[in-house]
Amino acid sequence: MDHPTMTVRTRFAPSPTGYLHIGGARTALFNWLYARKHGGRFVLRIEDTDRERSTTESVNVILEAMAWLGLDYDEGPVYQSERFPRYREVIQRLLEEGRAYYCYCTKEELDEMRQAQMERKQKPRYDGRCRHRKAPREGVSPVVRFRNPDEGAVIIDDLVRGRVVFQNQELDDLIIARSDGTPTYNLTVVVDDLDMGMSHVIRGDDHLNNTPRQINIMRALGGEPPDYAHVPMILGEDGARLSKRHGAVSVLEYRDQGYLPEALLNYLVRLGWAHGDQEVFSIDEMIELFDIKDVNKSASTFNPAKLLWLNHHYIMHSDPLHVAHHLRWHLGQLGIDPEAGGPDPVDVVAAQRERCKTLREMAESSLFFYRDFEQYDEKAAKKNLKQAALEPLKKLHQQFQALQNWEPESLHQVVLDTAQSLDLKLGKVAQPLRVALSGGAVSPPIDVTLYLLGKEVVSARLARAIKYIEKNSSTP
RNA sequence: GUCCCCAUCGUCUAGUCGGCCUAGGACACAGCCCUUUCAAGGCUGCGACACGGGUUCGAAUCCCGUUGGGGACGCCA
């Protein structure tokens with residue numbers, strides 16, 4: 001099976017008509033993993049033969065998403081729009097060899113035919129009425145159809161589905177060139193998979209039905225079909241195919257929401273594939289353990305909650321340096337330049353990672369480290385910044401100003417001592433302090449928060465809080 | 001409608017050739033513990049072999065059917 005002489009070549013072939021979605025990303029991942037595992041080559045091909053719908057903007061978004069995911073390709077991107085001469089040549093050859101013919105049927109005629117077939121409860125398919133037409137029809141620019149075999153069957157030994165058999169009678173003569181001469185999908189895929197020497201075609205389940213047609217064209221061209229692997233679809237929570245209405249489906253949207261690429265990859269690889277009870281896989285482990293033959297046959301439902309859990313896991317357990325790299329980007333999105341002042345993002349990551357499931361969330365709840373908050377959280381202030389907090393805060397203010405070494409341990413001791421000396425429970429001191437410093441009721445542990453903020457900022461914010469209490473709790 | 005495919009907890013899944021499965025893990029959910037906030041962490045609980053027939057000493061695992069779901073049927077890819 002795995003001939004050492006035969007190098008594995010896989011490809012990801014999106015059509016640039018939108019963003020890179022979750023399902024496409026998983027297909028890309030599977031292809032990438034398979035190539036990497038076998039020391040093969042991974043090719044990126046842009047299927048932009050439909051000029052109406054393809055945009056360069058969409059190409060850029062796809063490339064950006066691939067780069068963010070870290071799915072690097074060894075060849076490409078190859079643009080099908082640049083290979084039209086080659087497709088024309090192949091179409092011409094099929095025409096000359098009688099494997100294809102011109103069809104002059106109008107769209108109206110075809111619609112009629114289909115409708116009639118539907119009414120007869122038949123599968124709508126082209127009946128081949130132009131197969132033997134000799135003369136062109138006036139005023140109609142023809143399409144080219146592939147002449148599909150009438151008899152026999154196409155057997156596909158799919159790497160994930162097993163053997164699937166299609167009767168040629170079920171297939172019709174599909175269009176391989178539009179009336180404007182441009183090639184269609186089923187032709188370009190075949191030509192490219194052959195020309196590019198693909199050894200394995202790993203793609204979505206929705207292409208399973210196209211496969212026998214493609215194999216027939218390949219054979220007509222004298223080519224040997226690659227191995228196919230049709231991976232199951234990803235469904236939304238309502239059981240329908242995953243789409244925009246199920247929430248975020250674009251890869252870059254996940255980036256923007258604060259997901260780590262490795263978390264998304266890890267989630268995706270576990271959709272339809274498992275290795276025992278293991279849930280977390282590093283990229284290297286995926287490459288080592290993944291095998292397309294182990295992919296499940298059934299569709300799986302996209303579960304955002306589990307992705308979120310994985311993301312949190314990666315935030316907590318990855319190298320803080322790495323997480324900080326991504327956090328910087330998110331801080332930047334919020335208009336913060338961490339280089340311009342404030343704590344090192346690496347320290348922020350260490351302080352925040354338990355309580356933030358996304359980097360976006362972490363960036364947002366870390367804003368107070370980098371700039372003054374506008375106002376106190378209403379509830380938190382009402383509960384904590386009241387008369388009773390005045391004395392503790394004043395005392396803390398003094399103590400901190402007098403403190404020589406600004407370290408978490410000594411800061412911790414100050415808070416402890418203050419509470420003790422005032423005969424208060426720790427919460428009565430720490431919580432008002434937290435609100436004074438962060439503006440809200442939630443922050444990293446108070447000593448860490450103090451430490452990261454620095455003496456100057458702590459002093460200023462305490463002064464602000466004291467003033468706030470004095471102003472607000474003075475009864476008129 | 002026709003063809004193709006699929007079927008284990010709410011979700012992702014484990015379940016090597018049928019026995020070790022009174023079906024395991026993870027997410028979610030609930031409760032308890034820990035606790036200076038929020039978390040994190042620990043423990044416990046809830047919860048599935050779609051249904052009906054076979055085959056067999058024995059089936060989640062094999063066969064058939066039913067039902068349910070998905071996909072394809074385009075001068076889209």
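Naming: A, B, ... by sequence-line order, numbering from 1 per chain.
When the P atom is used for both B:A48 and B:G25, the distance is 14 Å, rounded to whole Å. Across the C1' atoms, B:G47 and B:G31 are found 16 Å apart, a figure rounded to whole Å. Rounded to whole Å, the P atom of B:U56 lies 35 Å from the corresponding atom of B:U11. Distance check on atom C1': B:C51 versus B:A7 gives 12 Å, rounded to whole Å. When the P atom is used for both B:G24 and B:C20, the distance is 12 Å, rounded to whole Å. Going from the C1' atom of B:C57 to that of B:G41 covers 49 Å, rounded to whole Å. B:U16 sits 16 Å from B:A23 when the P atoms are compared, rounded to a whole Å. The separation of B:G15 from B:U8, taken at their C1' atoms, amounts to 9 Å, rounded to a whole angstrom.
Distance, A:Ile46 CD1 to B:A77 P: 14 Å, rounded to whole Å. The nearest whole Å value for the distance from the CD atom in A:Gln169 to the P atom in B:C4 is 12 Å. In this entry the distance linking CD of A:Gln115 with C1' of B:G1 reads 13 Å, nearest Å. Atom CD1 in A:Ile217 sits about 14 Å away from atom C1' in B:A77, given to the nearest Å. Computed from coordinates, the A:Ile156 CD1 to B:C4 C1' distance equals 9 Å when rounded to whole Å. When the C1' atom of B:U16 is taken as reference, atom NZ of A:Lys293 falls 16 Å away, rounded to whole Å. In this structure, A:Phe281 places its CZ atom 17 Å from P of B:G25, rounding to the nearest Å. For the pair A:Met233 CE and B:A77 P, the computed distance is 17 Å after rounding to whole Å.
Within the shown strands, nothing qualifies as a pairing partner of B:U16 under the Watson-Crick or G-U definition with both distances less than 3.5 Å. In a base pair of the Watson-Crick type (N1 to N3 plus N6-O4 or O6-N4) or a G-U wobble (N1-O2 and O6-N3), with each distance short of 3.5 Å, B:C27 is matched with B:G10. With a cut-off of 3.5 Å on both pairing distances, the Watson-Crick or G-U wobble partner of B:G52 is B:C64. Under the Watson-Crick or G-U wobble criterion, with both distances below 3.5 Å, B:C73 is paired with B:G1. B:A39 is unpaired under the Watson-Crick or G-U wobble criterion, no partner having all donor-acceptor distances under 3.5 Å.
The minimum heavy-atom distance between A:Pro142 and A:Tyr102, with the atom names listed, is CG-CD2, 3.6 Å.
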Subject >> Base versus backbone protein contacts along nucleotides 5-13 of chain B [heavy-atom cut-off under 4.0 Å; B, S, -] >> reply: SSS---BBS

**OP:** Classify every nucleotide of nucleotides 33-45 of chain B by which part a protein heavy atom approaches to under 4.0 Å, writing B for the base, S for the sugar-phosphate alone and - for neither, in 5'-to-3' order.
**Re:** ---BBBBS-----

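Nearest-nucleotide assignment on RNA chain B puts the 5′-proximal partner with A:Arg120, out of A:Ser15 and A:Arg120. Comparing A:Phe166 and A:Asp238, the nucleotide of RNA chain B nearest to each residue sits closer to the 5' end for A:Phe166.
Within the structure, the salt bridge (charged side-chain N to carboxylate O under 4.0 Å, His left out) test picks out the following pairs touching residues 262-279 of chain A (sequence neighbours left out): A:Arg270-A:Glu279, A:Glu279-A:Lys306. Applying the salt bridge (charged side-chain N to carboxylate O under 4.0 Å, His left out) definition to pairs two or more places apart or across chains, those involving residues 204-217 of chain A are A:Arg161-A:Asp205, A:Asp172-A:Arg213, A:Asp206-A:Arg241.
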Identify all pairs in which a protein N or O lies below 3.5 Å from an N or O of nucleotides 60-65 of chain B, and state each distance.
none

Between the protein and nucleotides 72-74 of chain B, which nitrogen or oxygen pairs are less than 3.5 angstrom apart?
from	atom 1	to	atom 2	distance (Å)
B:A72	OP1	A:Arg241	NH1	3.2
B:A72	O4'	A:Asn209	ND2	3.2
B:C73	O2'	A:Pro124	O	2.6
B:G74	OP2	A:Arg114	NH1	3.1

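Between the side chain of A:Thr301 and the backbone N or O of A:Leu235, no donor-acceptor pair lies under 3.5 Å. Distance alone, capped at 3.5 Å, places no donor-acceptor pair between the A:Asn266 side chain and the A:Ser282 backbone.
In terms of the side-chain contact (heavy atoms from CB on, under 4.5 Å) criterion, residue partners of A:Ile175 (sequence neighbours excluded) are, by chain and number, A:Val143, A:Arg145, A:Thr184. Evaluation of the side chain to side chain donor-acceptor pair (under 3.5 Å) rule for A:Asp238 yields A:Arg245, A:His246 as partners, not counting sequence neighbours. Not counting sequence neighbours, the partners of A:Met118 by the side-chain contact (heavy atoms from CB on, under 4.5 Å) test are A:Pro124. Taking A:Gln214 as the reference, A:Arg203 meet the side chain to side chain donor-acceptor pair (under 3.5 Å) condition, with sequence neighbours excluded. The side chain to side chain donor-acceptor pair (under 3.5 Å) search around A:Tyr185 returns A:His207, not counting sequence neighbours. With sequence neighbours excluded, the residues forming a side chain to side chain donor-acceptor pair (under 3.5 Å) with A:Thr182 are A:Arg178, A:Asp180, listed by chain and number.
For the ring-ring contact (aromatic ring centres under 6.0 Å, His included) test with A:Tyr267, the passing option among A:Phe302, A:Tyr259, A:Tyr314 is A:Phe302; the others fail.
Between A:Asn209 atom CG and A:Glu170 atom CD the span is 10.5 Å, to the nearest 0.5 Å. For the atom pair OG of A:Ser179 and OH of A:Tyr104, the computed distance is 11.5 Å after rounding to the nearest 0.5 Å.
Across all strands shown, A:Lys107 has heavy atoms under 4.0 Å from base atoms, whether or not it also approaches the sugar-phosphate. Within the 4.0 angstrom heavy-atom criterion, no nucleotide atom of any strand lies near A:Ser438.
Side-chain atoms of A:Arg434 and A:Gln431 include a donor-acceptor pair closer than 3.5 Å.
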**OP:** Determine, step by step, whether A:His322 and A:His326 satisfy the ring-ring contact (aromatic ring centres under 6.0 Å, His included) criterion, reporting the C-alpha distance in whole Å, the side-chain angles of both residues, the deciding distance to 0.1 Å, and the verdict.
**Re:** CA-CA 7 Å; A:His322 172 72; A:His326 289 278; 4.9 Å; yes

